There are 2 protein chains.
Amino acid sequence: MAQPTLDAFQVIGDPSRRKMLRLLSKDSLTINSLAENFDMSRPAVSKHIKILYTAGFISIQDIGRERYCTLKQDGFNELQEWISYFDKFWISKLKKLETLLNNKLSK
Amino acid sequence: MAQPTLDAFQVIGDPSRRKMLRLLSKDSLTINSLAENFDMSRPAVSKHIKILYTAGFISIQDIGRERYCTLKQDGFNELQEWISYFDKFWISKLKKLETLLNNKLSK
DNA sequence: AGTATATGTAACTTTTGGATTACGCAAATA
DNA sequence: TATTTGCGTAATCCAAAAGTTACATATACT
């Protein structure tokens with residue numbers, strides 16, 4: 001499905017993949033047990049998993065013929081940084097507004 | 001370009017739109033002044049702006065024939081909540097690991 | 001050994017998103 | 001008033017993503 005590695009933002013752009021991450025936040029799951037939660041075919045799920053794995057959102061542990069998927073923090077880091085940049089933006093904007101107001105009031 | 005309203009995650013999935021948000025974090029800009037920063041045609045930029053607007057990432061103020069785009073917090077909220085959910089996940093995971101370790105050591 | 005299960009991969013189709021060009025319109029300007 | 005400027009929209013194209021079916025493989029089970 002995806003040879004050209006998607007960046008973290010594109011990866012979570014897909015609702016199914018976000019749902020998978022949610023499910024995995026409750027429990028480590030095999031590909032099949034994950035697939036039970038979706039309408040799509042098993043290979044489709046398999047491809048999403050590969051994308052999540054490649055982008056560092058999950059790790060995979062092979063146990064016999066099963067593959068257990070577990071959340072991994074790496075993929076989330078880029079997103080956190082991005083969000084935190086704008087967090088800071090809003091905070092400093094509030095501060096500016098605040099000091100502006102204080103100046104007005106003190107005059 | 002996009003009748004089916006994209007959700008916040010899909011909106012920031014596009015690198016150009018992320019770049020637009022970055023630019024707007026420095027300054028409010030008109031469509032044209034924004035477009036100068038991109039290789040694509042002006043209408044293409046215009047469509048991205050519409051998407052950002054619809055998803056609540058920016059507000060638009062019409063001044064004469066110009067349209068000033070300004071960052072708006074709404075669109076970011078959904079993303080923050082999503083990220084913070086997983087933040088909590090990692091934190092609690094660390095805690096569990098910690099107590100587990102403490103138990104082992106104290107035995 | 002033979003069968004069932006868990007999964008990956010390849011080939012292909014469909015859908016959708018992003019980009020372009022061509023055009024229209026309102027506001028500013030000459 | 002005629003022209004230029006700043007923008008939106010419609011029609012269309014193209015590429016990429018997501019899905020499906022068919023098949024291959026390794027492990028587990030009987």
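What you see is a predicted model; the values in this text were computed from it and never measured. Below, read A as the first sequence line, B as the second, and so on, with proteins coming before strands; counting in each chain starts at 1.
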[X] [atom1] to [N] [atom2]: how many Å, rounded?
{"X": "A:Asp39", "N": "D:dA18", "atom1": "CG", "atom2": "P", "answer": "17 Å"}
{"X": "B:Ile31", "N": "C:dA27", "atom1": "CD1", "atom2": "P", "answer": "16 Å"}
{"X": "A:Leu6", "N": "D:dA18", "atom1": "CG", "atom2": "C1'", "answer": "11 Å"}
{"X": "A:Asp62", "N": "D:dA28", "atom1": "CG", "atom2": "P", "answer": "11 Å"}
{"X": "A:Met20", "N": "D:dG19", "atom1": "CE", "atom2": "C1'", "answer": "12 Å"}
{"X": "B:Glu36", "N": "D:dT5", "atom1": "CD", "atom2": "P", "answer": "14 Å"}
{"X": "B:Met40", "N": "D:dC13", "atom1": "CE", "atom2": "C1'", "answer": "17 Å"}
{"X": "A:Lys47", "N": "C:dA6", "atom1": "NZ", "atom2": "P", "answer": "20 Å"}

Does [X] have a side-chain nitrogen or oxygen under 4.0 Å from the phosphate oxygens OP1 or OP2 of [N]?
{"X": "B:Ser41", "N": "C:dT20", "value": "yes"}
{"X": "B:Arg17", "N": "C:dG18", "value": "yes"}
{"X": "B:Asn32", "N": "D:dT5", "value": "no"}
{"X": "A:Lys50", "N": "C:dT9", "value": "yes"}
{"X": "A:Arg67", "N": "C:dG8", "value": "yes"}
{"X": "A:His48", "N": "D:dA17", "value": "no"}

| Should B:Asp14 and B:Lys19 count as an ion pair when the cut-off is N to O under 4.0 Å? |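 A salt bridge is absent here (no side-chain N lies under 4.0 Å from a carboxylate O).
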Is the backbone of [Y] close enough, under 3.5 Å, to the side chain of [X] for a donor and an acceptor to pair up by distance?
{"X": "B:Thr54", "Y": "B:Lys50", "answer": "yes"}
{"X": "A:Asp27", "Y": "A:Leu29", "answer": "no"}
{"X": "B:Arg17", "Y": "B:Val11", "answer": "yes"}

| field | A:Arg65 (side chain) and C:dT7 (base): donor-acceptor pair under 3.5 Å | value | no
| request: Tell me which of A:Gly64 and A:Arg42 sits closer to the 5' end of DNA chain D, going by the nucleotide each one is nearest to. | output: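 The answer here is A:Arg42.
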| task | Nearest-nucleotide wise, let me know which of A:Asp14 and A:Ile63 is further upstream toward the 5' end of DNA chain D. | result |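 Comparing both residues, the 5'-ward one is A:Asp14.
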| Does a side chain donor of either B:Ser25 or A:Tyr85 reach within less than 3.5 Å of an acceptor in the other side chain? |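 Their side chains do contain a donor-acceptor pair, which is all the 3.5 Å distance test asks for.
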